[in-house]
Amino acid sequence: MKSHYRVVVIGGGVVGCSVLYHLAKLGWTDIALVERKTLTSGSSWHAAGIFHALNADPNIAALQAYTIKLFKEIQEESGQNVGLHMTGGINVASAPERWEWLQAAYRIFQTMGIDTARLVGRDEIKAMHPLMDVSDVLGGLYDVSEGHVDTYGTTYAYAGAARKRGATIIENNRVLELKQKPDGWDVVTEKGTIGCEHVVNCGGLWAKQVGLMAGLDLPVTPMEHHYLVTETIPEIAARKEELPLIVDLEGFTYTRQEGKGLLVGLYERDFKHWRMEGAPWDFGIELNQEDIDRIAPELEIGFKRFPALQQVGIKKWVNGSFTFTPDGNPLVGRAPGVRNYWTACGVMAGFLQGGGVGLSLAEMMIHGEPSTDIYGMDIARYGGWAANREYLKQTTGQFYSRRFVMTYPNEQLWAGRPLRTAPAYDAMTANGMRWGVLWGLEIPLYVAPSKDFEEKPTLKRSNAHDIVGAECRKTRETIGLLDTSAFSRYEVTGPKALAWLDHVMASKLPGPGRCALAPMLAPSGKLRGDLSIFNWGDGTFWIMGSYYLRAWHMRWFKDNLSDGVSVRDISDDWVGFSLSGPRSRELLETVVQNADVSHQGFRFLACREIDVGMTRAKVGRLSVNGELGYEINVPASEHLTLYRTLKKAGSDFGMVEIGFNAMLSLRIEKSFGLWNREFTQAYTPGETGMDRWINFDKKDFIGRDAALKEREKGARRQLVTLEVAADDADTSSWEPVWRGNKMVGYITSGAYGHTIGKSIGMALVERAHAAVGTELTTHVVGIERKAKVVAPSPYDPTGSRMRI
Ligand SMILES: Cc1cc2nc3c(=O)[nH]c(=O)nc-3n(C[C@H](O)[C@H](O)[C@H](O)COP(=O)(O)OP(=O)(O)OC[C@H]3O[C@@H](n4cnc5c(N)ncnc54)[C@H](O)[C@@H]3O)c2cc1C
């Protein structure tokens with residue numbers, strides 16, 4: 001053990017060892033892993049070692065595919081056998097909606113380049129797994145690259161390969177304390193203090209405590225989880241080939257062959273948390289007492305699915321614990337607000353995801369950013385609120401109990417809600433508003449026609465489709481009122497505010513009293529934000545963007561902050577409503593006394609402080625719906641007053657309240673992109689058309705060199721708008737786009753355009769196939785549909801309606 005390393009990784013489970021390996025692989029070798037006992041002493045020793053290909057987030061599915069390919073590599077590098085059993089695996093569906101979902105998922109696999117999967121029918125499933133009762137099975141998704149590994153072997157293989165590349169592993173040495181220094185950390189351990197630049201929390205079951213050592217309360221908690229292993233099953237003993245894995249999605253169980261018996265794991269609905277404050281420090285290689293009564297309902301389903309289970313004894317019960325976060329994805333990256341403190345914890349499936357997590361973290365540490373869009377597991381996707389014990393308990397419980405339960409895109413889940421509500425929430429609810437949730441905030445979806453209206457969960461157009469359609473049409477004809485509390489707002493002040501914005505944003509900044517769209521880039525030239533800048537003319541600027549990126553954006557702003565500038569997240573303090581539609585000016589004129597809001601007096605993209613009714617509002621003349629529109633921002637305490645003012649005035653103009661569902665349809669008719677769909681940290685300005693907002697004349701802004709290079713070379717892909725020949729469903733995202741048999745791109749988002757009466761998709765496609773008029777196809781909920789490239793903004797292509 002040296003007295004100083006560049007990086008100290010805390011925790012020698014599969015994740016810590018993978019992080020260590022990837023840091024070394026990417027070139028940082030002055031690194032050490034400190035483990036409390038011996039490697040695998042947390043969750044890792046008793047895992048079932050299974051790896052699946054399927055994940056609802058395609059970016060995470062891609063990282064899982066990376067992990068699967070890595071097993072052989074680390075085995076060869078380390079000389080340590082990982083006990084790889086590439087048995088193949090089948091996700092089986094026994095409900096029609098699930099079968100539909102699997103067929104759609106298969107197409108998304110194609111987009112991700114996962115070519116080892118195929119759909120299989122009932123007979124083939126039976127032939128592959130004769131022990132299974134397939135009488136109710138409708139089909140499955142088979143992937144030859146699924147299987148299981150030995151958990152010790154894999155962890156030690158990562159560790160061995162890291163050691164060979166120069167990394168140090170220090171066992172039987174608990175980290176007791178972390179002390180931050182100007183140049184890094186003092187890691188106080190049982191064997192002495194180690195200095196380092198960076199600390200990585202790979203504490204697994206102890207991640208909570210290792211977070212608190214740096215003052216961080218992480219949204220992570222252990223939960224109990226069971227599997228059983230049977231005695232020898234004669235039919236298995238008689239087989240030559242190993243059985244494939246089975247995930248019985250309606251049955252709550254997963255199985256694999258273990259020796260000559262079966263291993264059956266289950267995700268029970270009656271979940272149980274374990275030591276929410278983290279495992280005790282003296283916790284050893286221990287298991288919890290099995291709790292068969294609690295898991296009996298799911299076990300019963302499993303026994304029906306595999307009747308042979310009824311004939312043999314159970315050799316072993318494992319009731320272990322592992323960690324969960326509110327959405328089940330890991331917490332990876334640099335913790336906001338704490339310098340050089342990194343996390344790779346909350347990894348629910350360390351054997352399946354450990355490779356991808358290790359790679360992404362090492363890329364973030366060494367290259368400054370991950371090579372793919374891993375927002376779905378970035379620690380900065382949560383704010384401090386997510387660690388609230390009740391919130392964490394509800395959301396992790398919901399995730400666990402629904403692990404194999406299908407969630408539809410239009411389905412609203414109960415856990416952790418309502419947490420945050422805008423002040424007009426109750427009044428809007430009384431008016432029939434139905435709510436979704438974004439980053440803990442209730443967001444308006446649509447106004448239901450009656451109290452009893454129930455939206456049915458579906459992969460296709462729902463029974464709310466026509467309601468949303470009416471909101472869209474009314475907005476285009478008269479006025480739509482939308483609660484915009486779920487936009488983020490950051491206030492930038494200080495003598496250097498303008499210079500700082502000019503450096504951080506790639507666009508031309510708006511002059512006093514103006515607002516403008518502003519792309520933000522990383523040094524690599526990839527996108528970091530699709531923001532709007534408001535110059536209020538008094539030295540104060542606002543940045544507005546996506547609400548759920550608040551911690552992610554603030555981390556970036558603070559990383560790039562300079563003297564003389566202050567950036568404050570004011571999203572909890574300022575909320576608002578937008579008015580959009582041809583009569584919105586007329587309405588505004590009736591409630592404004594101290595300003596000229598005529599076309600001449602308040603032009604497109606102007607912004608200023610205006611009294612709207614009794615509220616003192618900050619108003620911008622812009623709209624995401626492509627109509628004449630105004631975004632009216634007020635202090636949170638005046639939100640309800642603003643709502644009442646606009647509702648009262650709007651009744652004379654036929655104004656309707658609308659929700660985000662209408663906005664998503666209206667914006668796609670204008671080909672306006674969204675973050676996390678058309679724009680992500682993996683895409684470039686040239687691909688997405690964001691380059692047209694870049695001010696290449698500026699001599700200095702983050703990402704300039706890379707953006708210039710891209711401009712010279714040209715982007716390989718292009719964001720296009722597609723008219724899709726779909727009748728009962730619309731594209732969503734990640735569906736492959738085909739030119740004949742060749743995949744030439746994929747869908748970024750889709751919706752029905754209620755004004756133009758067409759299904760619209762946006763897609764990133766190879767340039768050669770991006771010309772207007774190109775005939776392509778795509779898969780909508782698994783069914784191939786024609787898709788033609790059309791000119792951007794099928795509704796009002798010249799943008800005249802926004803400017804009237
Ligand atoms: C019953 C069961 C079945 C499972 N099956 C699967 C499966 O089939 N496939 C799959 O992918 N996953 C499975 N998992 C999940 C898997 O076990 C975990 O995702 C994985 O082990 C997490 O690894 P980790 O390295 O993050 O944490 P851990 O394995 O918990 O490792 C954390 C390590 O950090 C050390 N540590 C903590 N604090 C300190 C400190 N202060 N100082 C020094 N060292 C410290 C601990 O001693 C421990 O060794 C299963 C889990 C259970 C319980």
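Of the inter-residue distances, the one linking I668 atom CD1 with S793 atom OG reads 11.5 Å to the nearest 0.5 angstrom. Residue S488 holds its OG atom at 9.0 Å from CD1 of I543, rounded to the nearest 0.5 Å. To the nearest 0.5 Å, atom CG of residue L622 and atom CG of residue L517 are 9.5 Å apart. The structure places CD of Q353 at 8.5 Å from CG of L63, a figure rounded to the nearest 0.5 Å. L527 contributes atom CG, which lies 6.5 Å from atom CE of M690 (distance to the nearest 0.5 angstrom). Atom CZ of R550 and atom CG of D569 lie 4.0 Å apart (nearest 0.5 Å).
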Sequence neighbours left out, cut at 3.5 Å: what donor-acceptor pairs do the side chains of residues 355-367 make with other protein atoms?
residue: S360; atom: OG; partner: G356; partner atom: O; Å: 2.8
residue: E363; atom: OE1; partner: S371; partner atom: N; Å: 2.8
residue: E363; atom: OE1; partner: S371; partner atom: OG; Å: 3.0
residue: E363; atom: OE2; partner: S371; partner atom: OG; Å: 2.8

Side-chain polar contacts of residues 704-715 - donor-acceptor pairs under 3.5 angstrom, sequence neighbours left out - could you list them?
residue: R704; atom: NE; partner: K698; partner atom: O; Å: 2.6
residue: E710; atom: OE1; partner: G686; partner atom: N; Å: 2.7
residue: E710; atom: OE2; partner: T684; partner atom: OG1; Å: 2.3

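In this structure, the side chains of T778 and T731 come closer than 4.5 Å at one or more pairs of heavy atoms. The closest side-chain heavy-atom distance from F602 to R608 is below 4.5 Å. No side-chain heavy atom of Y158 sits less than 4.5 Å from a side-chain heavy atom of V19. Counting heavy atoms from C-beta outward, S671 and P794 have side chains that approach closer than 4.5 Å. Counting heavy atoms from C-beta on, the side chains of V8 and V200 never come closer than 4.5 Å. Considering only heavy atoms from C-beta on, Q110 comes within 4.5 Å of W738 through its side chain. The closest side-chain heavy-atom distance from L549 to Y375 is below 4.5 Å. Between I31 and V9 there is no side-chain heavy-atom pair separated by less than 4.5 Å.
Judged by a 6.0 Å distance limit and a 45° cone about the ring axis, R677 is not positioned over the six-membered ring of F679. A cation-pi arrangement is found for R528 relative to W552, the charged atom lying closer than 6.0 Å to the ring centre and inside a 45° cone about the ring normal. Figure legend: cation-pi geometry between R334 and W342, with NZ or CZ positioned under 6.0 Å from the six-membered ring centre and within 45° of its axis.
Taking the charged nitrogens against the carboxylate oxygens, E73 and K25 do have a contact shorter than 4.0 Å, which makes a salt bridge. A salt bridge is defined here as a Lys NZ or Arg NE, NH1 or NH2 lying under 4.0 Å from an Asp or Glu carboxylate O, and E723 with K758 meets this definition. Between D697 and K508 there is no salt bridge, since none of the side-chain N atoms of the basic residue sits less than 4.0 Å from a carboxylate O of the acidic one. Residues E491 and R568 are paired through a salt bridge, judged by an N-O separation under 4.0 Å between the basic side chain and the carboxylate. Remark: E631 does not engage R621 in a salt bridge, criterion side-chain N to carboxylate O under 4.0 Å. At a threshold of 4.0 Å, the pair E627-R801 counts as salt-bridged, since one of the basic side-chain nitrogens sits closer than that to a carboxylate oxygen.
For the residue pair T116/S145, the side-chain donor-acceptor check at 3.5 Å is satisfied. Between the side chains of N201 and T343, no donor N or O sits under 3.5 Å from an acceptor N or O. There is no side-chain donor-acceptor pair under 3.5 Å between H198 and W185. Counted by atom type alone, D327 and T325 present one or more donor-acceptor pairs between their side chains at under 3.5 Å. Checking N340 against E197 by side-chain atom types alone, no donor-acceptor pair falls below 3.5 Å. Residues S524 and E369 bring a donor and an acceptor atom of their side chains to less than 3.5 Å of each other. Between Y752 and E669, the side chains place no donor N or O within less than 3.5 Å of an acceptor N or O (distance only, hydrogens not considered). For the 3.5 Å distance criterion, the side chains of E678 and T748 qualify, holding a donor opposite an acceptor.
A donor-acceptor pair under 3.5 Å is absent between the side-chain atoms of R476 and the main chain of C472, judged by distance alone. Checking side-chain atoms of S665 against main-chain N and O of N661 turns up no donor-acceptor pair under 3.5 Å. Side-chain atoms of R489 do not come within 3.5 Å of backbone N or O of M544 as any donor-acceptor pair. Between the side chain of S507 and the main chain of P519, no donor-acceptor pair closer than 3.5 Å is present.
Contact between I108 and S733 at its shortest, heavy atoms only, is CD1-O, 3.9 Å. Shortest non-hydrogen contact noted between R739 and E775 is NH1-O, 2.9 Å. Between D57 and G376, the shortest heavy-atom contact is OD2-CA, 4.0 Å. Here the closest heavy-atom approach between residue Q718 and residue A770 is recorded as OE1-CB, 3.6 Å. Nearest heavy-atom pair across E687 and A682 is OE1-O, 4.5 Å. The minimum heavy-atom distance linking A522 with I702 is given by the pair C-CG2, 3.8 Å.
Applying the salt bridge (Lys or Arg N to Asp or Glu O under 4.0 Å) test to E784 and every residue at least two apart in sequence or in another chain returns nothing. In this structure Y746 satisfies the ring pair (Phe, Tyr, Trp, His ring centres under 6.0 Å) test together with W734, sequence neighbours excluded.
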Does the pair D378 and R555 meet the rule for a salt bridge (Lys or Arg N to Asp or Glu O under 4.0 Å), with working shown? CA-CA 11 Å; D378 194 319; R555 184 178 63 188; 2.8 Å; yes

Could you check H22 against Y66 for ring pair (Phe, Tyr, Trp, His ring centres under 6.0 Å), going step by step and ending with a plain yes or no? CA-CA 13 Å; H22 282 94; Y66 164 80; 5.8 Å; yes

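Sorted pairs that involve residues 352-361 and meet salt bridge (Lys or Arg N to Asp or Glu O under 4.0 Å), not counting sequence neighbours, are lacking altogether. Residues in residues 486-536 take part in these ring pair (Phe, Tyr, Trp, His ring centres under 6.0 Å) pairs, two or more places apart or across chains: Y490-F557, W500-F557, F534-W536, W536-W542.
Of the candidates D796, N625, T721, D796 is the only one forming a side-chain contact (heavy atoms from CB on, under 4.5 Å) with K670.
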